[in-house]
Amino acid sequence: MKTNNETLWWKNAVVYQIYPRSFCDSNGDGIGDLNGITSRLDYLKKLGVDILWLSPVYQSPGDDNGYDISDYRAINPEFGTMEDFDRMLSEAHARGIRIVMDLVVNHTSDEHAWFRESRSSRDNPRRDYYIWRDADSNGNPPNRWASAFGGPAWEWDETSGQYYLHLFSRKQPDLNWDNPSVRDDVFDMMNWWCEKGIDGFRMDVISMISKPDGLPDGPEMPGGFTASTCCNGPRLHSYLRQMNERVLSRYPLVTVGECPGAGVEEAVLFTDPSRRELNMVFQFEHVSGSTQGSTKYDKWDRPALSMPELRQILSKWQYGLEGRGWNSLYLDNHDQPRCVSRFGNDSPRYRVLSAKMLATCLHFMKGTPYIYQGEELGMTNARMSEIGQYRDIESLQTYDFLTRQEGLPEETVMGYLQAVSRDNARTPMQWDSSPNAGFSDGTPWIGVNPNYTEINAAAQMDDENSVFAYYRELIRLRHTLPVMVEGRFELLQPDDKQVFAYMRTGSGEKARDKQECGKEGNCRPEDRLLVFCNFTRETAPLPAEVSEALEAGASRLIGNYPGLPEGQLRPYEALVLRDRKDG
Ligand code: GLC
Ligand code: CA
């Protein structure tokens, strides 16, 4: 593979996330697999992405679809073999595409050898690999912490007579990162994958690895979504610096930490290059629903985020990390509902327009964009209406808890699931209009969204007006316009109720060497991009900046309607103007 000596090679890259179970099934068992991914590399090459992040493909009993790992150095046979993996890696590299692995080390599966040993007796050498505590004087768990999937975060172990901590399912016991042997073993495992030639890590809930001293109770919440109490613990950054020293700094990797609970200032601690921790983080503020109004059940009953709130959050992150850290940019992933259904409009009339508008809004910001499989086709929420159609452990446990323990009406709970269940993102990738959307010859492990006959890759790949073609163009622009990568972000008309508008300003060319440019470096022309996104189905008054820029000689760079708007922005219109001043 072509080597890149620049250490910050990932700054102008676009990442594509694959949820292997739902991407492409090569052998008809209904489960997507590694050979399926390999068979679709040309599709991804055509789209133009630089990096693939694979959700976990390791050995796992599958309680949380692979986020419960029982052997970090083996491939789940459902997905194939290590040979299949190696072949996929080299085929990807041959196309100039890099592979990022999901690193799930806040917890393991309860079927991991470490946990089997740990639970076997109190004096087993691996006892302290996990977080064990005595019951309180009434035999109850040591604190009120609840798992992110509902129910207590503590599970009683009969054999050894103690509770163990699991911030997620009871089959995902939390590792004890305070134990240096745990860190040694994790770092060894990471080095092993790096030696294999992988190109980076996406680190699952990495902000939770250091637990607060004394495991104090947090605020009480029904159903207890208290995993957040464990974010940003006291030794988090020292563990990440160790990881950097012992693993990350030794290879040309890209790293992104999934960081629930991180605000801008924490994100700087993670991503300021001089601190030598991670390259970027996934923050959650813009996908957590509105903070206006009260919520009893966390993400489930939170009102949706309005455009002004979304704009306020995303621009805060743009300003906050400028010159200090680096943003990741995402609207979709395997834990979130589909962005076109959530922030856009997935009705037949506006789906394509609003999917392109959202892509425009995100991809012109500063940071590294992430595309989740199917987002580039404008795939929509699944709208599954029966609980039997759901597969996700979080959705199933929450359904149980809300209907049985909290006594909420079935209808209400199904409404919550339809809006924000993780299964919305996990229905099979829609390749073509043949049975099962071309995903599998067998019976898919989760139902295909019936709209596949219309929304699918085959129908879009050669259509220049498709969502796919639009993403492809956005990626091409990022690869060719330095201002898209490096330019400063500035919000325009911050109070507008319909239009999210901003500007990027920077140099029009990659910095040439000093000699060529003279001392001032003034051979770099200035480049400006003005981005206007109408988030509503109504027309919006044309922002003054549009006509001003056009009069000053700017031209249309990309948009989701043909030509320039006249007098007003059309429903869900996205328009980007480019204003290039030769210096
Ligand atoms: C992360 C993953 C999610 C998983 C959880 C526990 O949030 O993205 O899918 O359930 O961690 O590993
Ligand atoms: Ca398969």
Side-chain angles (χ1 to χ4, degrees), residues 17-40 53-58 60-70 75-81 84 88 101-110 112 147-150 153 166-175 201-209 225 227-228 230-231 256-262 281-284 287-288 298-299 328 330 332-336 370 372 391-398 420-426 428-429 436 439-446:
Q17 182 193 353
I18 292 183
Y19 196 67
R21 231 183 154 67
S22 302
F23 191 64
C24 182
D25 173 21
S26 70
N27 62 353
D29 64 357
I31 298 173
D33 46 52
L34 293 170
N35 289 338
I37 296 173
T38 308
S39 75
R40 299 293 183 172
W53 147 33
L54 306 190
S55 278
V57 293
Y58 316 92
S60 161
D63 191 51
D64 185 17
N65 284 354
Y67 283 90
D68 49 317
I69 298 168
S70 53
I75 298 294
N76 185 340
E78 284 182 334
F79 294 143
T81 63
D84 297 336
M88 180 203 65
M101 299 294 278
D102 217 311
L103 180 78
V104 188
V105 290
N106 172 70
H107 44 267
T108 69
S109 163
D110 66 336
H112 193 288
S147 122
F149 296 156
H166 60 89
L167 292 178
F168 294 89
S169 97
R170 62 168 64 88
K171 288 185 67 62
Q172 292 168 300
D174 281 57
L175 282 165
F201 295 105
R202 174 269 186 188
M203 303 181 185
D204 193 66
V205 290
I206 201 71
S207 58
M208 297 186 180
I209 57 175
F225 299 87
S228 58
C230 300
C231 298
V256 51
E258 189 204 23
C259 293
V281 301
F282 291 131
Q283 56 89 12
F284 279 73
V287 292
S288 301
D298 202 61
K299 79 175 199 180
S328 66
Y330 77 96
D332 268 357
N333 64 38
H334 66 294
D335 294 330
Q336 300 297 331
Y370 288 73
Y372 176 68
R391 300 286 177 271
D392 167 32
I393 180 169
E394 181 194 50
S395 305
L396 297 174
Q397 289 196 182
T398 303
V420 286
S421 165
R422 307 194 296 182
D423 278 342
N424 282 308
R426 299 178 180 184
M429 176 74 175
N436 298 326
F439 161 73
S440 172
D441 294 336
T443 307
W445 69 278
I446 186 171

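Positions are given from 1 along the sequence. Ligands are counted one by one from 1 in listed order, and the atoms in each one are counted from 1 as well.
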[X] side chain to [Y] backbone, donor-acceptor under 3.5 Å:
X      : Y      : answer
Glu258 : Asp204 : no
Ser22  : Arg426 : yes
Thr38  : Leu34  : yes
Asp25  : Gly28  : yes
Asp68  : Asp63  : yes
Tyr58  : Asp102 : yes
Ser39  : Gly36  : yes

[X] heavy atoms, cut-off 4.0 Å: which ligand 1 atoms fall inside?
X      : value
Arg422 : 3 (C), 4 (C), 9 (O), 10 (O)
His107 : 6 (C), 12 (O)
Arg426 : 9 (O)
Glu258 : 1 (C), 7 (O), 8 (O), 11 (O)
Phe149 : 10 (O)
His334 : 2 (C), 3 (C), 8 (O), 9 (O)

The Ca ion (ligand 2) to [X]: nearest N/O/S atom name:
X     : value
Asp29 : OD1
Asp25 : OD1
Asp33 : OD2

Q | Val105, Asp204, Leu167, Asp64: member with heavy atom nearest to atom 11 (O) of ligand 1 | A | Asp204
(Q) With a cut-off of 3.0 Å, does Ile31 put an N/O/S atom close enough to the Ca ion (ligand 2)? (A)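 Yes, Ile31 qualifies, because one of its backbone or side-chain N, O or S atoms lies under 3.0 Å.
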Q: Look at the N, O or S atoms of Ser26, main chain and side chain alike, and state whether any lies under 3.0 Å from the Ca ion (ligand 2).
A: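 Ser26 does not place any N, O or S atom closer than 3.0 Å to the Ca ion (ligand 2).
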Q. Which residue, Phe282, Trp53, Tyr370, forms the ring-ring contact (aromatic ring centres under 6.0 Å, His included) with Tyr330?
A. Phe282
(Q) Determine whether the aromatic ring centres of residues Phe168 and Tyr67 are separated by less than 6.0 angstrom. (A) no
**Q.** atom 9 (O) of ligand 1: nearest protein contact (heavy atom, Å)
**A.**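 Nearest protein contact, heavy atoms only, for atom 9 (O) of ligand 1 is Asp335 OD1, 2.8 Å.
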Q) Which bit of Met208 is near ligand 1, meaning a heavy atom under 4.0 Å away: side chain, backbone, both or neither? A)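 The answer is neither.
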